[in-house]
Amino acid sequence: MVLQEVCNLVNGEVLCGHSRLKESVEFAFSSDLMSDVLTVKKEHFLLITGLANSQSIRTAEMSDAPYILICRGKTVTPDMVELASENGILIIVSKFSMFKCSGILYSAGLKAVY
Amino acid sequence: MKFQYSVEGGDFTMAGHASSQVKKSLKQLGIDSSIIKRVVVALYEAEVNIVAHAYRGVIDVDIESAGIKLKLTDEGPGIPDIEKAMTKGFSTASAAVREMGFGAGMGLPNIRDNSDRFTIDTVVNKGTVLSIEIDFK
């Protein structure tokens, strides 16, 4: 699924990494627990989370998840945007809940990592 | 190639800085991405552990042609029961650490799972030394 489509489906707003909207992603993982994200062996997936702090960006960086969807309308700080930009990470924010975001994207064809 | 990084306990704003630098170095060296991921996930978990549990620490990174050696030495409370600490789900992390998305008792087991060789030396009320080795092949 192309990232622009991901963004459209969740009524999202792009905060950084606009150039990556043309890229495609096949898998996603939803969690507020970064320890869980760090156990995902797959590379190149969309991280869906409601955790909005610098560690969610760092975790995406270490996990090779170049795209983050921050749901529940959480506030993303300028520090987070800066850190994501430095690492070429796309941030999309959505007002929808994590369950709703995950459900919409799964129904539209995005696959679970396991 | 050797690097050293200092880590301050409790400073979550900088947690992950050393891991990020190591990731960039390994990328520049053309190391396979799946191996880089194992290295930086193990290192990041260990770096977060210092921030979450210790007063301060030092990370020594030694990149050789065959692999990477990471040594994380901290001054802190130490680990009273290593067997318990290695059990998935056991954690002594504070509420503040849990708010950062950690403290689920998965860090040390995940470091072990990503390492080719992993040892813990700890002295209660003094500190802990983690040694992590990951081969490039």
Side-chain angles (χ1 to χ4, degrees), chain A residues 16-17 23 25-27 29-72 74-89 91 98 113-114, chain B residues 7 10-24 26-27 31-53 70 85 87-91 93 96-115 134:
Chain A
C16 64
E23 296 178 14
V25 67
E26 193 178 353
F27 294 94
F29 187 77
S30 303
S31 182
D32 280 353
L33 185 62
M34 296 302 105
S35 305
D36 260 346
V37 181
L38 288 166
T39 64
V40 173
K41 303 291 178 217
K42 196 170 279 299
E43 298 163 43
H44 199 88
F45 61 93
L46 169 70
L47 171 60
I48 303 172
T49 186
L51 188 78
N53 62 36
S54 58
Q55 294 317 306
S56 43
I57 311 296
R58 282 291 189 208
T59 298
E61 180 194 356
M62 303 311 156
S63 302
D64 282 327
Y67 323 110
I68 307 177
L69 169 56
I70 295 182
C71 40
R72 302 202 292 266
K74 296 282 177 175
T75 303
V76 176
T77 65
D79 286 354
M80 289 171 65
V81 173
E82 192 183 334
L83 189 59
S85 299
E86 275 172 20
N87 290 286
I89 291 171
I91 299 182
M98 189 152 74
V113 298
Y114 60 81
Chain B
V7 182
D11 183 7
F12 264 101
T13 57
M14 288 300 287
H17 174 75
S19 307
S20 183
Q21 296 302 310
V22 169
K23 182 173 185 179
K24 288 178 177 76
L26 293 176
K27 263 187 166 175
I31 304 298
D32 183 82
S33 65
S34 63
I35 291 176
I36 294 178
K37 179 161 178 173
R38 283 174 54 210
V39 171
V40 299
V41 164
L43 179 56
Y44 181 51
E45 291 272 25
E47 192 179 350
V48 166
N49 272 352
I50 294 179
V51 175
H53 298 286
L70 307 165
T87 306
K88 284 182 183 175
F90 176 81
S91 177
V97 172
R98 289 171 201 267
E99 277 173 20
M100 298 305 292
F102 294 94
M106 296 167 71
L108 287 174
N110 201 20
I111 295 170
R112 178 191 58 203
D113 292 349
N114 281 291
S115 304
I134 296 171

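Everything numeric here is computed off the predicted structure, so don't read it as measured data. Residue numbers start from 1 in every chain, and the chains themselves are labelled A, B, ... in the order their sequence lines are given, proteins ahead of strands.
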So, the part of A/Thr39 with a heavy atom under 4.5 Å from chain B: the answer is both

Salt bridge (Lys or Arg N to Asp or Glu O under 4.0 Å) test vs A/Asp64 passes for just one of B/Arg38, B/Lys23, B/Lys37, namely B/Lys23

Worksheet item: Got a sec: does the NZ of B/Lys88 have more than 12 other heavy atoms crowding it under 6.0 Å?
Response: no

Rounded to the nearest 0.5 Å, the CE atom of A/Met62 sits from the CD1 atom of B/Ile36 at a distance of 12.0 Å

One option among B/Leu43, B/Val41, B/Val48, B/Asp113 has the most heavy-atom pairs under 4.5 Å with chain A, and it is B/Val41

If one checks every heavy atom of A/Asn87 against chain B at 4.5 Å, the contacting part turns out to be side chain

dist B/Ser19:OG -> A/Glu61:CD (nearest 0.5 Å) comes out at 8.5 Å

If one checks every heavy atom of A/Ser63 against chain B at 4.5 Å, the contacting part turns out to be both

Tell me which donor-acceptor pairs under 3.5 Å the side chains of residues 99-110 of chain B have, and how far apart each pair is, sequence neighbours excluded?
| residue | atom | partner | partner atom | Å |
| --- | --- | --- | --- | --- |
| B/Asn110 | OD1 | B/Asn114 | ND2 | 3.1 |
| B/Asn110 | ND2 | A/Leu38 | O | 3.1 |
| B/Asn110 | ND2 | B/Glu45 | OE2 | 3.0 |

When the 4.5 angstrom heavy-atom criterion is applied to A/Leu51 and chain B, the contacting part is side chain

May I ask you to check whether over 12 heavy atoms, not counting those of B/Lys24, lie within 6.0 Å of atom NZ? yes

Okay, B/Tyr44 and chain A: the region with an atom under 4.5 Å from a heavy atom over there is side chain

Assert top hit (heavy-atom pairs under 4.5 Å, partner chain B, pool A/Val37, A/Thr59, A/Thr49) equals A/Thr59

Closest non-hydrogen atoms of B/Ser33 and A/Glu43, given as atom of the first, atom of the second and distance, are OG-OE1, 2.8 Å

The salt bridge (Lys or Arg N to Asp or Glu O under 4.0 Å) partners of A/Asp32 (sequence neighbours excluded) come to A/Arg72

